[in-house]
There are 2 protein chains.
Amino acid sequence: MDKPTQLTTNSPAVKKRRVTVVEVAEAAGVSVSAVSRAFNPEASISRPLREKVFKAAAALNYKPNRMARGIKSRSSLVGILMTDFNNPFYLPILSRFTSEIQKRDCHSLLINVNSDMDIQEAVELVMEYNVDGLIITSASLPQQLVDACRSQNTPVVIFGRDSSDNSVTVVSCDNVLAGRMAADMLLDAGYMRPAFVAGPIGTSATVDRQRGFISRLMERGCNQWQVVEGGEFSYDAGYDATLRVFKNSERPDALFYADDIMACGGMDALRYELALKIPQDVGVLGVDDIRLAKSRSYNLSTIRQPNEEMIQSTMDVLFEHISNPNLPPQSITLPCEPVLRGSTQKHR
Amino acid sequence: MDKPTQLTTNSPAVKKRRVTVVEVAEAAGVSVSAVSRAFNPEASISRPLREKVFKAAAALNYKPNRMARGIKSRSSLVGILMTDFNNPFYLPILSRFTSEIQKRDCHSLLINVNSDMDIQEAVELVMEYNVDGLIITSASLPQQLVDACRSQNTPVVIFGRDSSDNSVTVVSCDNVLAGRMAADMLLDAGYMRPAFVAGPIGTSATVDRQRGFISRLMERGCNQWQVVEGGEFSYDAGYDATLRVFKNSERPDALFYADDIMACGGMDALRYELALKIPQDVGVLGVDDIRLAKSRSYNLSTIRQPNEEMIQSTMDVLFEHISNPNLPPQSITLPCEPVLRGSTQKHR
DNA sequence: CTGTTAGCGCGTTCAG
DNA sequence: CTGAACGCGCTAACAG
């Protein structure tokens with residue numbers, strides 16, 4: 001009767017008002033806090049009261065407003081920072097992350113960190129949303145990023161990158177081991193003059209793989225190896241690098257690529273540009289085990305990263321840190337596994 | 001002095017307090033609303049005042065709290081609903097969407113709609129975040145979804161799907177035309193008995209492509225065509241469907257797949273399982289023009305979807321609707337374009 | 001153009 | 001276990 005501010009009730013442009021706790025409380029004949037508690041799993045409330053609230057809420061089609069909720073308590077948002085949208089490797093990973101986050105009644109804020117915006121900036125930005133936690137999938141990890149993460153007291157997990165610094169939580173696979181496995185696979189198959197095609201400069205994954213690879217080659221007495229720059233993790237980069245390698249006088253008889261998508265590009269260069277036979281003339285090996293690796297066209301031997309386990313660990317450790325903010329950072333390294341396919345089966 | 005609730009100030013677990021407008025206002029010697037306006041691009045505020053606020057804010061390392069902001073005004077969140085995380089087609093698209101959204105000072109809430117959760121539920125969920133807008137990339141579009149979208153008054157754009165219903169905004173490419181182009185490409189190349197390998201049942205894209213394909217074949221007097229179920233949009237589905245086709249007595253001499261990733265699977269089945277030569281024995285054609293299509297291994301002729309333009313249109317129309325909520329829904333259909341590669345070049 | 005003030009929708013004290 | 005009242009950080013309405 002005496003609501004003086006109701007002048008524009010029937011304007012067509014008016015944003016349809018959402019149902020709020022107050023209305024639900026009125027409808028259910030209870031207090032607002034009862035409604036609040038009913039929708040909060042860890043609050044203590046009697047069974048019948050909760051039921052009553054739920055019934056009224058359902059009747060009014062009430063949905064809690066996560067924005068309002070997020071202002072004081074948890075936002076239910078988990079940030080995911082991604083840098084490499086070119087590599088198909090990341091699509092299934094993204095799928096798993098979002099799915100797991102949703103299972104925990106949270107949602108994913110996906111941040112695309114491209115060249116326009118550096119990672120530092122992205123981290124600060126995502127913090128404006130009061131995210132409960134942050135997952136970073138970045139091959140390179142500048143020190144400033146580590147600092148940025150630590151200065152926030154929001155749990156951060158770095159996915160797929162080895163830790164040189166143990167002040168931040170990291171989940172990765174053992175890339176040095178991957179390199180060593182690669183050396184063994186190629187030498188065991190009878191190749192003598194392998195080359196490593198590196199990935200983006202300064203990314204730990206490629207550095208560690210190279211280190212493991214070379215050191216294992218040396219251990220086994222193989223000295224005729226070479227390393228070439230590859231550039232980015234992409235089909236084209238693998239293709240181009242391969243052509244460059246074979247311009248040299250010292251031609252390798254096997255190629256270990258920093259990742260699968262580069263290896264696929266490399267294989268196409270070998271077959272269709274250089275007219276070399278795989279695996280007879282040249283052996284090819286990658287890392288990741290992306291979906292394409294097991295296609296009949298590529299049939300690529302590779303070192304499989306344990307994605308499922310890595311993702312599971314990431315989620316576990318992240319939510320542990322969310323519910324217990326002063327846990328110390330930890331570093332989890334999972335083993336990888338060789339996958340023998342046609343591209344290295346020289347003798348058969 | 002007389003703050004009675006400050007008992008646990010030096011607890012290590014205390015969440016580091018964020019700087020707020022009030023503190024910035026005090027530091028700058030202005031009012032809170034001045035601070036608010038300074039951070040709001042469309043607010044009217046004098047140059048020197050804004051500078052002063054910014055300086056104080058920078059000194060305190062103030063960041064606006066988007067959650068608190070979102071409660072009254074825009075949330076700066078745009079929801080992206082994705083269903084198909086298996087198809088590499090969507091990774092670059094996701095990249096563009098997130099990037100474009102960020103350019104507009106918004107961020108992406110990525111929802112993975114898998115079997116655990118139906119689309120309807122996902123829409124309601126995302127609405128709890130008060131998203132400013134919603135992008136849906138879904139091959140199938142149940143009526144209930146359309147209803148859900150309309151009942152909210154949040155702008156929704158459906159990406160990559162034709163509209164049978166014009167009560168919701170849709171951006172897609174002309175899939176019927178794609179089918180017609182496919183028919184012309186295959187007939188022009190000299191193939192006589194083409195087959196269409198369909199995608200997921202009930203998805204408009206595959207239905208429309210099939211319709212255009214068949215009708216154009218008939219127009220040009222070709223009657224020896226067949227249609228086979230493909231299942232999902234995936235490598236394996238394409239592979240398996242291809243093997244099934246060639247078990248029949250009526251063997252086609254060309255295959256038009258509902259999308260590229262199926263076509264890649266199909267090509268591998270043809271070459272490595274059936275020992276058929278592409279394009280001599282069988283012509284192969286896809287739709288999408290994914291990255292893999294132009295690899296040397298596949299070199300797949302295809303009908304290119306104008307992704308750039310589709311994404312641009314999607315963003316434009318979405319943000320138009322965000323700033324002007326009672327615009328009528330519209331339906332945008334963009335033309336596609338044939339891409340001739342090796343898989344259909346029978347004569348040369 | 002600027003400051004003051006009153007909410008936004010919800011969680012969380014604090015009494016009962 | 002329940003309800004009343006306060007405050008979160010910010011924007012919007014109004015007044016100067």
Side-chain angles (χ1 to χ4, degrees), chain A residues 3-8 14-53 57 60-76 127-130 132, chain B residues 3-8 14-53 56-57 60-77 127-130 132:
Chain A
K3 288 180 181 173
T5 56
Q6 286 298 79
L7 304 176
T8 55
V14 75
K15 187 92 177 167
K16 202 178 293 179
R17 283 234 334 93
R18 288 176 54 152
V19 182
T20 77
V21 269
V22 179
E23 299 166 63
V24 176
E26 282 172 359
V30 299
S31 75
V32 283
S33 56
V35 180
S36 173
R37 279 192 276 263
F39 280 92
N40 233 279
E42 45 226 276
S44 70
I45 185 173
S46 71
R47 191 64 170 275
L49 218 194
R50 169 167 275 155
E51 306 264 306
K52 196 159 64 168
V53 172
L60 294 171
N61 192 28
Y62 165 79
K63 305 280 173 201
N65 182 331
R66 301 237 185 190
M67 280 283 151
R69 171 179 287 181
I71 189 177
K72 288 224 69 165
S73 63
R74 300 253 181 75
S75 64
S76 307
M127 293 303 177
E128 294 183 13
Y129 283 97
N130 246 342
D132 296 342
Chain B
K3 285 181 184 169
T5 56
Q6 287 296 80
L7 303 176
T8 56
V14 74
K15 187 93 178 165
K16 201 176 295 180
R17 282 233 331 91
R18 287 174 56 152
V19 182
T20 75
V21 270
V22 179
E23 299 165 64
V24 177
E26 283 171 359
V30 298
S31 74
V32 284
S33 56
V35 179
S36 173
R37 280 192 276 261
F39 281 90
N40 230 281
E42 47 225 276
S44 70
I45 183 174
S46 72
R47 190 63 170 276
L49 219 194
R50 170 167 275 156
E51 307 263 304
K52 195 157 67 168
V53 171
L60 295 171
N61 193 27
Y62 164 78
K63 305 280 174 201
N65 183 331
R66 300 240 186 187
M67 281 284 150
R69 170 179 290 181
I71 189 178
K72 287 226 70 165
S73 64
R74 300 254 178 75
S75 64
S76 308
L77 247 32
M127 293 303 175
E128 293 184 15
Y129 283 96
N130 245 342
D132 296 342

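Every chain is numbered from 1, with letters handed out A, B, ... down the list of sequences. Bear in mind the structure is a predicted one, so any value in this text is a computation, not a measurement.
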Exercise for the section: Using five base pairs at each end, measure the axis-to-axis angle across the helix from C/dC1-D/dG16 to C/dG16-D/dC1 and round it to 10 degrees. Expected result: 30°

Handout entry: Distance in angstrom units between B/N130 CG and D/dG9 P, rounded
Key = 19 Å

Exercise for the section: Would you give the length of the straight line joining atom OH of A/Y129 to atom CE of A/M67, rounded to the nearest 0.5 angstrom? Expected result: 7.0 Å

Problem - Separation of atom CZ in B/R47 from atom P in C/dT2, rounded to whole Å - result: 13 Å

Practice task
Round to the nearest Å and state the distance from A/I45 atom CD1 to C/dG11 atom C1'.
Solution key: 13 Å

Handout entry: Nucleic acid footprint by protein, nucleotides 10-16 of chain D - heavy-atom cut-off 4.0 Å, B for base, S for sugar-phosphate alone
Key = SBBB---

Problem - d(CE, B/M67; P, D/dG7) in whole Å - result: 23 Å

Exercise for the section: Answer yes or no: is there a donor N or O on one side and an acceptor on the other, between the side chain of A/D132 and the main chain of A/S76, under 3.5 Å? Expected result: yes

Handout entry: Ionic contact status for B/K63 with A/E128, cut-off 4.0 Å
Key = no

Exercise for the section: Could you go through the side chain to side chain contact (heavy atoms under 4.5 Å, CB included) check for B/V35 and B/V30 one step at a time? Expected result: CA-CA 8 Å; B/V35 179; B/V30 298; 4.1 Å; yes

Problem - N or O in side chain of A/S44 less than 4.0 angstrom from D/dC1 OP1/OP2 - result: yes

Practice task
Start with the C-alpha gap between B/V21 and B/F39, add the side-chain angles, then the distance that decides, and say whether side chain to side chain contact (heavy atoms under 4.5 Å, CB included) holds.
Solution key: CA-CA 10 Å; B/V21 270; B/F39 281 90; over 6 Å; no

Exercise for the section: Using a 4.5 Å cut-off on heavy atoms from C-beta on, say whether the side chain of B/V19 contacts that of B/V24. Expected result: yes

Handout entry: Backbone N/O of A/R37 and side chain of A/R50: donor-acceptor pair under 3.5 Å
Key = yes

Exercise for the section: Write down the atom of A/S75, the atom of A/N130, and the distance for their closest heavy-atom approach. Expected result: OG-O, 2.7 Å

Practice task
Mind calculating the distance between CD (A/E128) and P (D/dC8) to the nearest angstrom?
Solution key: 20 Å

Handout entry: Integer-rounded Å distance: D/dC8 P and A/Y129 OH
Key = 23 Å

